[in-house]
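Single-structure report; data block below.
When a residue number appears, it is its place in the shown sequence, counting from 1.
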Amino acid sequence: WSLCITVSEREPRDVRIEQLERENAALREESAALREENAALREENAALRNELKELRRIIEQLQERARRGKRQAHPFGRDGEKKDKKRAGRKPGHEGAYRPPPSQFDESVEARLDGCPCCGEAVFDVEELIQYVVDLPEIRAHVLRILTERGWCRRCRKHVRSVHPRQVSKAGGAAAVSLGPKATALVVELKTRQGVPYRDISELFGRYLGLPVSHGALVQAVRRLSDKATPDYLMLVEELRSSPLVHSDETGWRIQRRSAWLWVFCNADTTVYVIDYRRSADVVLEVLGENFAGRLVSDGLPALDKLSEHGFKRAQCNGHIIRRCRDMVVDAEGRAVAFPRALQKTLQHAIELGRRRDELRRPLYREAVAEVRQSVRALVAGDFTDGENLKLAKHVHKHQNALLAFLDDAAIPPTNNRAEQELRGAVVVRKIGGCHRSEAHSLAHAVLASHAQTACRRGERLAAHVERWMSLHATADPPTSNC
C-alpha cells in the first residue's frame with residue numbers, strides 16, 4: 001500500500017518534468033531561431049547603413065553639381081583633374097610681349113660706376129645701361145574755385161546770377177562744395193563696372209587720392225548724375241531698336257527684399273541694362289518695341305516664346321543646350337545617355353561647320369548644313385522613355401530653326417556669349433553689394449552702368465560724357481527779348 005502511494009505521488013512530478021523539458025527544448029529552438037534572425041537582421045542593417053552612406057554621398061555630389069550649375073560665376077574647383085593639361089605660358093612660336101620703352105620721361109637719375117663696388121679699383125670698358133620705372137605721380141585733389149555773381153534786375157524784377165561753363169551746381173552755403181565730373185566718373189566706373197562698394201570707394205578717395213568724401217555723398221552724387229544721363233540712356237535704347245542684331249540675357253536681382261531681374265540688351269558697341277520685377281517677354285517688347293525688325297539672340301527662356309506672336313526673328317544659344325547635354329550624360333544611366341551625347345556631338349559639329357563657312361565651296365557647305373538639320377530632326381523624332389530626354393527633345397524640336405539660324409547667316413553667332421559677358425560685371429555687383437534698397441537706386445544703376453559699359457566698349461572716356469551731363473552752361477536760362 002505504501003508503494004502505491006509513492007508511485008502515485010511521483011507521477012505528477014514526472015509529468016511536470018517532461019513538460020518543462022519539452023518547453024525548454026522549444027525555447028531553445030526558438031532562441032536559436034531568434035539568434036539566426038538577429039544575425040540576418042544585423043547583416044541587413046549593416047548593408048542598409050552602407051547603402052544609406054552611398055546614397056548620401058551621391059546626394060551630396062548631385063547637390064554640389066546643382067549648386068555649381070546655378071552659380072553664374074566660374075566654379076572655384078573642378079570635379080576632377082584634367083588628364084591632358086595644357087602647358088602654362090605661350091604656345092610655341094608665339095611672339096613675345098613686353099612693355100616698350102617710353103617715348104618720354106619726366107625725371108632722370110644716374111648711378112655712375114666710379115670704381116669696383118667690391119674692391120674700389122678702377123674699371124674699364126664702361127657702358128651705359130638704361131632702365132625705366134613707370135609709376136603713378138603723387139595725387140592730390142584739384143580744387144577749382146568758381147566766382148559767380150548775383151544781382152537784382154530792375155526790368156525783370158528778380159535776382160539773376162552768372163553761370164560758368166565748368167560749374168556743376170548752383171548750390172551754396174553748406175552745399176557749396178561739389179564733386180567734380182572726373183571724380184564722379186571714377187565713382188561710376190568703380191561701382192557699376194568693378195562692383196566696388198561705396199564705402200570702399202570713399203576710403204580709396206581719402207587714402208590715395210587726397211579727396212575725403214563720405215559714402216553718402218557718393219550715393220547722392222550718383223543719383224543726381226543718373227537723372228541727367230537718362231536722356232542719353234534713352235538714345236542708347238533707340239540705337240538698339242534700329243540694330244539688325246541684339247543679344248539679350250537676364251540674371252537675378254534684388255530690390256529691397258523683393259526678387260527682380262537685371263536684363264541686358266547689347267550689340268557690337270552698345271549695352272543697355274534694365275532692372276525689372278518681371279521675367280517675361282513684356283520687358284523685351286518695352287525695350288526693343290513691338291516693331292523690332294532685327295534678330296534677337298537669347299537663351300531658351302520659355303517666357304520669350306510669346307515674341308513669335310509679334311513677329312520677332314530669333315536665334316537661340318547652342319552653348320546652353322551643349323552644357324545641358326553634358327550634364328545629362330553624367331547623370332543619365334543606360335540607354336538614356338545616347339540621346340544627349342549624340343545631340344551634343346551634332347551641335348558641336350554644326351558650330352565647327354559654321355566656322356569653316358568661308359573654307360568650303362557654297363554647294364558643299366549647303367549640303368553639309370542640310371545634313372546637320374536632318375540629323376537634328378532625326379534625333380528629336382525618336383521615342384523617349386527618359387523624362388529629361390523627352391523634355392530636351394521637345395525643346396530642340398520646337399526651336400531647331402532658331403538654334404541653327406547661325407548656319408544661314410554669318411552675322412548670327414552660334415551662342416549668346418556676348419550677352420553673358422555683359423552680365424559678368426553685374427553679377428560681381430550683386431555678390432558684393434547685395435543689389436539695391438529702392439527702385440530709384442536700381443534705375444540709377446541701370447542708367448549709369450549702361451553708359452559706363454557702352455563707353456568702355458566704344459573706347460570712349462566716361463568722364464567726357466559726365467562733364468557734359470554735369471555742366472550747367474548748356475542748361476542755363478538764355479536771356480529773352482524781354483530782359
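Ring geometry for Y233 versus H451: interplanar angle over 60°, hence perpendicular rather than tilted (30 to 60°). Ring geometry for Y132 versus F105: interplanar angle of 30 to 60°, hence tilted.
Taking the side chain as every heavy atom from C-beta outward, C266 and R457 approach each other to under 4.5 Å. Looking at F265 and V284, their side chains come closer than 4.5 Å, going by heavy atoms from C-beta outward. For the pair H436 and I275, the minimum side-chain heavy-atom distance is below 4.5 Å. By the 4.5 Å heavy-atom criterion applied to side chains, P197 and I432 are counted as neighbours. You'll find the side chain of D200 stays beyond 4.5 Å of the side chain of H215, heavy atoms only. In this structure, Q344 and I321 have side chains that are not in contact, with every pair of non-hydrogen atoms separated by 4.5 Å or more. Side-chain contact between E388 and L392: absent, with no pair of heavy atoms (C-beta onward) separated by less than 4.5 Å. Residues E420 and H320 have side chains in contact (heavy-atom distance under 4.5 Å, counting atoms from C-beta outward).
To the nearest 0.5 Å, atoms CG (L301) and CH2 (W261) are separated by 8.5 Å. If you take CG on L304 and CG on D299, they are separated by 7.0 Å, rounding to the nearest 0.5 Å. A distance of 6.5 Å separates CG of L179 from CG of L218, quoted to the nearest 0.5 Å. For the atom pair OG1 of T415 and CG of N318, the computed distance is 8.0 Å after rounding to the nearest 0.5 Å.
Remark: R166 does not engage E467 in a salt bridge, criterion side-chain N to carboxylate O under 4.0 Å. Ion pairing between R278 and D276 holds under the 4.0 Å rule for side-chain N and carboxylate O. Under a 4.0 Å N-O distance rule, the pair E250/R279 qualifies as a salt bridge. Under the 4.0 Å criterion applied to side-chain N and carboxylate O atoms, R468 and E460 are not assigned as salt-bridge partners. In summary, R418 and D249 do not engage in a salt bridge, as defined by a charged side-chain N under 4.0 Å from a carboxylate O. Between R458 and E239 there is a salt bridge, since at least one side-chain N of the basic residue sits less than 4.0 Å from a carboxylate O of the acidic one. The pair D305-R314 meets the salt-bridge criterion, with a side-chain N (NZ, NE, NH1 or NH2) lying under 4.0 Å from an Asp/Glu carboxylate O. With respect to E309 and K306, no salt bridge is recorded, no charged nitrogen being found less than 4.0 Å from a carboxylate O. Using a 4.0 Å cut-off between a side-chain N of Lys or Arg and a carboxylate O of Asp or Glu, R57 and E60 do not qualify as a salt bridge.
Between H247 and P413, the closest heavy-atom pair is CE1-CG, 3.3 Å. Taking both residues in full, the closest heavy atoms of A350 and L404 are given as CB-CD2, 4.3 Å, listed atom of the first, atom of the second, then distance. When all heavy atoms of L462 and A185 are compared, the closest pair comes out as CD2-O, 3.8 Å. Residues G115 and V123 come closest through the heavy atom pair C-CG1, 4.2 Å. When all heavy atoms are compared, the tightest approach of I412 to A315 is CG2-CB, 3.7 Å. The two residues L403 and Q316 come nearest to each other via the heavy atoms CD2-CB, 3.6 Å.
Between the side chain of S202 and the backbone N or O of Y198, no donor-acceptor pair lies under 3.5 Å. When atom types are taken as modelled, the side chain of T270 and the backbone of L236 share no donor-acceptor pair closer than 3.5 angstrom. Side chain of Q453 to backbone of T271: no donor-acceptor contact under 3.5 angstrom is found. Side-chain atoms of R254 come within 3.5 Å of backbone N or O of R257 as a donor-acceptor pair. A side-chain donor-acceptor contact under 3.5 Å links Q167 to the backbone of S169. Counting only distance, with no hydrogens or angles, the side chain of S471 and the backbone of P165 share a donor-acceptor pair below 3.5 Å.
Cation-pi geometry between R258 and Y277 is satisfied (NZ or CZ under 6.0 Å from the ring centre, within 45° of the ring normal).
A 6.0 Å sphere centred on CZ of R323 holds more than 12 heavy atoms belonging to other residues, nucleotides or ligands. Within a 6.0 Å sphere centred on NE2 of H397, heavy atoms belonging to other residues, nucleotides or ligands number 12 at most. E128 CD: 12 or fewer foreign heavy atoms inside a 6.0 Å radius. Atom CD of E54 has more than 12 heavy atoms from other residues, nucleotides or ligands within 6.0 Å. Heavy atoms from other residues, nucleotides or ligands lying under 6.0 Å from NZ of K182 number 12 at most. Enclosure of atom CZ in R161 by more than 12 non-hydrogen atoms of other residues, nucleotides or ligands within 6.0 angstrom is indicated.
When only modelled atom types and interatomic distance are considered, T346 and H349 share no side-chain donor-acceptor pair under 3.5 Å.
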Do V466 and L225 pass the side chain to side chain contact (heavy atoms under 4.5 Å, CB included) test, and can you show the C-alpha distance, the side-chain angles, and the key distance before you say yes or no? CA-CA 8 Å; V466 176; L225 181 64; 4.0 Å; yes

What do the steps show when you test N267 against S243 for side-chain hydrogen bond (donor to acceptor under 3.5 Å, both in side chains), and what is the final call? CA-CA 7 Å; N267 58 14; S243 176; 3.3 Å; yes

Quick one: do S442 and H445 satisfy side-chain hydrogen bond (donor to acceptor under 3.5 Å, both in side chains)? Show the steps, please. CA-CA 5 Å; S442 65; H445 177 85; over 6 Å; no

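The ring pair (Phe, Tyr, Trp, His ring centres under 6.0 Å) test applied to H395 returns H399, not counting sequence neighbours.
The side chain to side chain contact (heavy atoms under 4.5 Å, CB included) test with P340 is passed by exactly one of V329, D331, V330: V329.
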